[in-house]
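Down below is the structure, laid out as structure tokens.
Below, each value reflects all heavy atoms present in this structure, side chains not excepted, and no hydrogens, waters or symmetry copies.
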Amino acid sequence: MESPKEVVLVADVGKSRCRVELRRGDELLGAADQHGFPGVHVENGPTQAFDLLLETVSLLPPGLPVSTLTGIGAAVAGVEASAEKSRELATMLSKRFGVPAAVLSDATAAQLGALQGAPGTTLIVGTGAVAFRFDQAGMLHRADGWGPYLGDQGSGRWIGQRGLQAVLEAHDGGPSTSLSAAAGALVESPEQLPGWLAEQENPYRAMARFAPLVLQAAEAGDAVAHGIIGEACRILTRTVQLACGEDPSPRVALLGGVVSSEFFAGLLRKSLASAGIEVVAPLGDGLDGAALAATRRGLIQERYIHRDGTNWPD
């Protein structure tokens with residue numbers, strides 16, 4: 001007789017969005033999402049994350065078997081900045097639901113889900129950009145992900161920013177580009193772009209929203225946009241190389257909103273292949289990684305997973 005599958009609560013508690021799912025094995029029983037939060041590392045961060053997660057759980061469809069939970073896995077923003085607060089959150093969740101709880105960073109969860117616990121590298125290209133590699137010994141090797149001021153090179157924000165800069169350069173008499181027309185949906189004149197950007201609640205996300213228009217222009221043959229995308233691919237390839245280090249058989253899984261563009265992903269795959277890096281299909285995402293952390297111990301990534309500290313029976 002087949003044993004019943006574990007029911008787990010998994011969460012992705014990010015800065016822009018909080019998602020929760022109730023799963024039984026590979027079956028999705030229910031899902032809910034809402035706004036995000038600043039990060040578990042900030043003052044009162046564990047309580048903020050805990051309250052937000054509980055509030056999101058309350059939005060799940062009624063009648064789900066929440067009372068039969070066997071574990072919780074939460075990928076949470078800010079984990080890498082405070083192990084102590086991450087463990088505090090895991091303890092709060094464990095006490096509330098009466099089951100083991102695991103808290104890990106969103107990037108660790110993404111790598112864990114993409115390669116299902118195996119060593120290797122994951123490149124995440126969204127608003128930001130970061131490459132994570134776990135080696136055979138479970139040590140983390142990171143490249144970039146240093147934020148919009150000092151890093152995130154080749155990211156959606158970087159691509160969008162370069163596109164907007166190209167519009168201003170064209171306005172100044174530089175190479176013409178179809179991106180000027182695309183920017184016309186934002187402002188009447190390129191001269192208004194600096195003011196428009198300054199008024200945005202999140203300027204980096206606003207610049208990232210211009211990235212799809214740069215991709216479209218590049219795919220349509222715009223030379224300026226194509227140059228931006230080519231440079232982004234070269235930069236991201238270098239980021240992966242740095243994360244891979246001395247790995248004799250480098251391989252990488254690609255995740256993030258920017259690589260959902262087949263055009264961009266194709267160019268990036270070619271750039272990576274030219275550097276001798278094998279691109280493998282991701283086996284899952286961050287929520288899958290959180291589920292794996294909730295259901296398995298002894299993973300090679302274990303030192304980067306913060307558990308509630310209770311000696312739960314296997």
Exam field: side chain S94 to backbone T91, donor-acceptor pair closer than 3.5 Å: no
Spacing of R24 atom CZ and E6 atom CD [to the nearest 0.5 Å]: 12.0 Å
Approximate separation, where rounding is to 0.5 Å, of T237 OG1 and R269 CZ: 12.5 Å
Side chain S86, main chain V103, donor-acceptor under 3.5 Å: no
Main-chain N/O of D285 paired to D288 side chain as donor or acceptor, under 3.5 Å: yes
Gap between atom CG of L60 and atom CD of E21 - 0.5 Å precision: 9.5 Å
Stepwise side chain to side chain contact (heavy atoms under 4.5 Å, CB included) check, L272 with L268: CA-CA 6 Å; L272 289 163; L268 182 55; 3.9 Å; yes
Closest non-hydrogen atom pair, G145 against V130: CA-CB, 3.7 Å
Closest contact, heavy atoms only, I300 versus Q136: CG2-O, 4.2 Å
Shortest non-hydrogen contact from A232 toward W158: CB-CZ3, 3.7 Å
Salt-bridge present (E231, R234; N to O < 4.0 Å): no
Expected output: side-chain T127 to main-chain A208 donor-acceptor under 3.5 Å: no
V258-L255 co-clustered via ILVMFWY side chain contacts under 4.5 Å: no
Expected output: side-chain Q116 to main-chain G113 donor-acceptor under 3.5 Å: yes
Flag if over 12 foreign heavy atoms under 6.0 Å of CD, E84: no
Candidate pair R96 and F50, rule side chain to side chain contact (heavy atoms under 4.5 Å, CB included), full reasoning: CA-CA 10 Å; R96 169 61 178 81; F50 179 77; 3.8 Å; yes
Any donor-acceptor pair under 3.5 Å from S180 side chain to S176 backbone: no
Side chains of D222 and S178, donor plus acceptor under 3.5 Å: yes
Path from L29 to F97 over hydrophobic side-chain contacts below 4.5 Å: yes
M207 with V259, same ILVMFWY side-chain cluster at under 4.5 Å: yes
Connected via hydrophobic side-chain network under 4.5 Å: L292 and L140: no
D26 atom CG: more than 12 heavy-atom contacts under 6.0 Å: no
Residue pairs fulfilling ring pair (Phe, Tyr, Trp, His ring centres under 6.0 Å) with at least one residue in residues 6-48, sequence neighbours excluded: none
Short side-chain donor-acceptor distance under 3.5 Å, T56 and Q34: yes
Spacing of CD1 belonging to I228 relative to CD belonging to Q165, to within rounding of 0.5 Å: 8.5 Å
Distance, nearest 0.5 Å, that separates CG of L186 from CG of L213: 7.5 Å
Test side chain to side chain contact (heavy atoms under 4.5 Å, CB included) applied to V187 - qualifying residues, sequence neighbours left out: Q192, L193, W196
Y204 backbone acceptor or donor facing R157 side chain under 3.5 Å: no
Non-hydrogen side-chain atoms of L9 and L53 separated by less than 4.5 Å: yes
Audit row: T121, F132, side chain to side chain contact (heavy atoms under 4.5 Å, CB included) steps and yes/no: CA-CA 5 Å; T121 304; F132 271 82; over 6 Å; no
Distance-minimising heavy-atom pair for G286 and A109: O-CB, 3.5 Å
Heavy-atom closest pair, residues G73 and A294: N-CB, 3.6 Å
Flag, side chain of K85 to backbone of V42, donor-acceptor distance under 3.5 Å: yes
Hydrophobic cluster membership, L89 vs V79, 4.5 Å side-chain cutoff: yes
CG on L28 to CG on L22, rounded to 0.5 Å: 8.5 Å
Worked check of side chain to side chain contact (heavy atoms under 4.5 Å, CB included) between V214 and I229: CA-CA 8 Å; V214 180; I229 300 307; 4.0 Å; yes
T239 side-chain N/O to D144 backbone N/O, donor-acceptor pair under 3.5 Å: no
E302 side chain vs A293 backbone, donor-acceptor pair below 3.5 Å: no
Closest contact, heavy atoms only, R87 versus R307: CG-O, 4.2 Å
